[in-house]
4 protein chains.
Amino acid sequence: MAGSVNKVILVGNLGADPEVRRMQSGDPVVNLRIATSESWRDRQSGERREKSEWHSIVIFNEGLAKVAEQYLKKGAKVYLEGALQTRKWTDQNGNERYTTEIVLQKFRGELQMLDSRDDGNQQSQRSTQSSYTDQSGSYGASRDLDDEIPFAPEWR
Amino acid sequence: MAGSVNKVILVGNLGADPEVRRMQSGDPVVNLRIATSESWRDRQSGERREKSEWHSIVIFNEGLAKVAEQYLKKGAKVYLEGALQTRKWTDQNGNERYTTEIVLQKFRGELQMLDSRDDGNQQSQRSTQSSYTDQSGSYGASRDLDDEIPFAPEWR
Amino acid sequence: MAGSVNKVILVGNLGADPEVRRMQSGDPVVNLRIATSESWRDRQSGERREKSEWHSIVIFNEGLAKVAEQYLKKGAKVYLEGALQTRKWTDQNGNERYTTEIVLQKFRGELQMLDSRDDGNQQSQRSTQSSYTDQSGSYGASRDLDDEIPFAPEWR
Amino acid sequence: MAGSVNKVILVGNLGADPEVRRMQSGDPVVNLRIATSESWRDRQSGERREKSEWHSIVIFNEGLAKVAEQYLKKGAKVYLEGALQTRKWTDQNGNERYTTEIVLQKFRGELQMLDSRDDGNQQSQRSTQSSYTDQSGSYGASRDLDDEIPFAPEWR
DNA sequence: TTTT
DNA sequence: TTTT
C-alpha cells in the first residue's frame, strides 16, 4: 500500500543493560527495555502521582545495534525512533500470544544517546570504553553509509 | 520523571468501522483498528511483497472520539498521533495477558482525516452526514478549546 | 554533538508541480512548495477562518527525488519527513538573507503519496505514467537499498 | 483544510538564556535559540566534521512559557515539539524579509527538559530555583488542564 | 501557489 | 526494570 507511516518516537531510560543476540551472520541484534513516564497531580487527593510505561525495543539495524551494544547501559537516557510490530508466538501451554515491539530495521530508525558525556553517572556507565571521546555517540540509521558532507551540495 | 516522550505517529487505513463504547459519564470512547503496510522487492525471487501491520487505537479524547464516531468508516485513511500503552488482563483460563494499544488521551493526541471529500469511496463513507460541509474534518487535541486566532499574537 | 534531533513532519498539498534541477552528477534535486493549513472558529465573530502555511522542500535523496519527479503534481497530498536547514545568501542589493528549508538528505527523510490511486484528480495527475500500478508509490529513505524481507529475521 | 500536519521535533541545546517578553495580558512569550548538530566523517580527508543548525523558537503556550522562563538556561538540553511558521516583516531599508520560526501555540506543542537534575552543569543552571524538587520538569501542552488520572478510565 |  |  502506498501512503503508510508506522513510526514510534521515544525518549526514556533503559531499565537494564542491553541484551545482545547474534544473527546467523554474526551481526548483533539488540533488545532494550525502555521506560517512559508521566506524572500528574491527582484531582481528588492533590497528590503527585506517576506512571511508567515499559517498551520493548529490537534493533536489527547493524550500525545502531553496535552503538547500543557498546555505549548503552542500564539507566541511560536515549532518543529512539522505530516502527511498531506485533508478532505472534505460542506459549508453553500452546496458547497463541501476541507481543508488540518497537523495531529498528536495517537502514531505518534512529538512536541518540542523551546523557552528557561528563555526567558522573554516565562515566561509570562507560567505564569499559576507553576510546569513547573519539566517538560521536550520535547515530542516524545510515550514518555509516553517509560518510560525506551532508549539507554542502555541489550546485549551490 | 522529567524528560520523557512516548509518541506514535501512524498513517494508515481503518480495517473496520469504529467501535464506540460509552464512559459512565456518557462520553464516547472509540476503538479503531488501523493497518499500515510496507512493500519491498524480494532479493531472491525478485517479486514484490507486502506486509501489513495492525494497530489497536483507543480514543479517550472527547473531541477526537466524536470526530472518529461521526466521520470515520472502514477504509478511511487517517493521520493519527498517540501514546503507547500496554495493559495487563486475565484471559478465561486465568493466564496473564498483555495488550499494547495506542492511546489518545484527554487533551492529547491528534487525528486527521486524509481522504479527499469528493472521493467516491469517501462519499459513501459519509452518506449519513448531511451537514458535513460545515465541518472542518481537521482536529487537533484541543481544537475545541482553542477557538480563537491561533497565529496572531497581540504584540507582534 | 551527540544527542541531537532535527526533524520536520508535514502532511500537506503541493502548490505547484515539482521543480527539478540536476546535480553535476546528473542526479535530480527536487524543490517542492507544500501548504499546510489550520482552521478555527473566531471567538469574536464566530466565523470559520483559515490560515495556510507554505513550506519549501529540497530533496537531495536520490530515490525520493526520482519519486517526486515522476509521481507528484500540483495539488497532490503528501506525507514528508526531513530536517530544517537555514541557508544564507546575498540578494541583488548585497544584503544578507536567510532562507529556511526542509531538506531530505541522502539516505534520510521520507516521502509518501497520500492520494488514492483511483482518485479522479490523481488520475489526471499521473496520466503520463502508464505503468503506475506496478509501482508502490510508497518510499522510505532507503527502500532502494533494502530490497529484502524487512520483517523476517533469521533467528526468530 | 482537513488532513494537514505541520510538526517539528527537536532535541538540542539552548545557545543562550531564554528571552521573555510580555503579552498585553501579562502572559509571557518566550524566545529560544536552539542548536542541533550533525557530525560525519569526511570522505576525502577522513576527518570528523560537524555542522550546527540554529533554530528560533517562540513559545505562546502559557504553561510551557512559564516552564521555559523558570527552568531553562543557556546550555540546557531540551526535547521540543512545535509548528513551522514563516512571518513577513520589513527591514529598516523597506525590504520585505521572511523569518521562519518554530511556534508552540496555546494548548499545543511540547517541551521536555532532558538534563538530569544532579548534573553539575544543571546544578548551576538552576541555582536560583530553590523549590525545584517540588516540580515535575515534565510538561505537555495541557498538563495544567489535565490534572487527573490520565491512564485509569472508569470503564476498564 | 495547495487543499477542504 | 529506568528516571526525576
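Chain letters run A, B, ... following the sequence lines, proteins first, then strands; residues in each count from 1. It should be emphasised that the depicted structure is a prediction, and the values quoted were computed from it without experimental measurement.
Rounded to an integer number of Å, the gap from A/Leu14 CG to F/dT3 C1' is 11 Å. With rounding to whole Å, A/Glu53 atom CD is found 17 Å from F/dT1 atom P. Rounded to a whole Å, the CD atom of A/Glu38 is 15 Å from the C1' atom of F/dT2. Atom C1' of nucleotide F/dT3 and atom CG of A/Asp115 are separated by 10 Å, given to the nearest angstrom. For C/Asp17 and E/dT2, the CG to P distance is 11 Å, given to the nearest whole Å. Rounded to an integer number of Å, the gap from C/Asn31 CG to E/dT2 P is 18 Å. Atoms NZ (A/Lys77) and P (F/dT3) sit 10 Å apart, rounded to a whole Å. Atom CG of B/Leu114 is separated from atom P of E/dT3 by 15 Å (rounded to the nearest Å).
Residues satisfying the side-chain hydrogen bond (donor to acceptor under 3.5 Å, both in side chains) criterion with D/Glu96, sequence neighbours excluded, are D/Lys88.
With hydrogens and angles left out, the side chain of C/Ser52 and the base of E/dT2 share a donor-acceptor pair within 3.5 Å.
Side-chain proximity of C/Trp54 to the nucleotides F/dT3, E/dT2, F/dT1 is greatest for E/dT2. If you check F/dT1, E/dT3, E/dT1 against the side chain of C/Arg33, the one that comes closest is E/dT1. For A/Asn13, whose side chain is taken as the heavy atoms from C-beta onward, the closest listed nucleotide among E/dT2, F/dT1, F/dT2 is F/dT2.
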Subject >> Derivation of the salt bridge (Lys or Arg N to Asp or Glu O under 4.0 Å) call for A/Arg48 and A/Glu50 >> reply: CA-CA 7 Å; A/Arg48 182 145 286 280; A/Glu50 182 167 342; over 6 Å; no
Subject >> Full working for salt bridge (Lys or Arg N to Asp or Glu O under 4.0 Å) between D/Lys7 and D/Glu110 >> reply: CA-CA 11 Å; D/Lys7 184 175 290 289; D/Glu110 190 151 353; over 6 Å; no
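Applying the side-chain contact (heavy atoms from CB on, under 4.5 Å) test between A/Leu72 and each of A/Asp115, A/Val78, A/Ile59, A/Asp17 identifies A/Val78 as the sole match.
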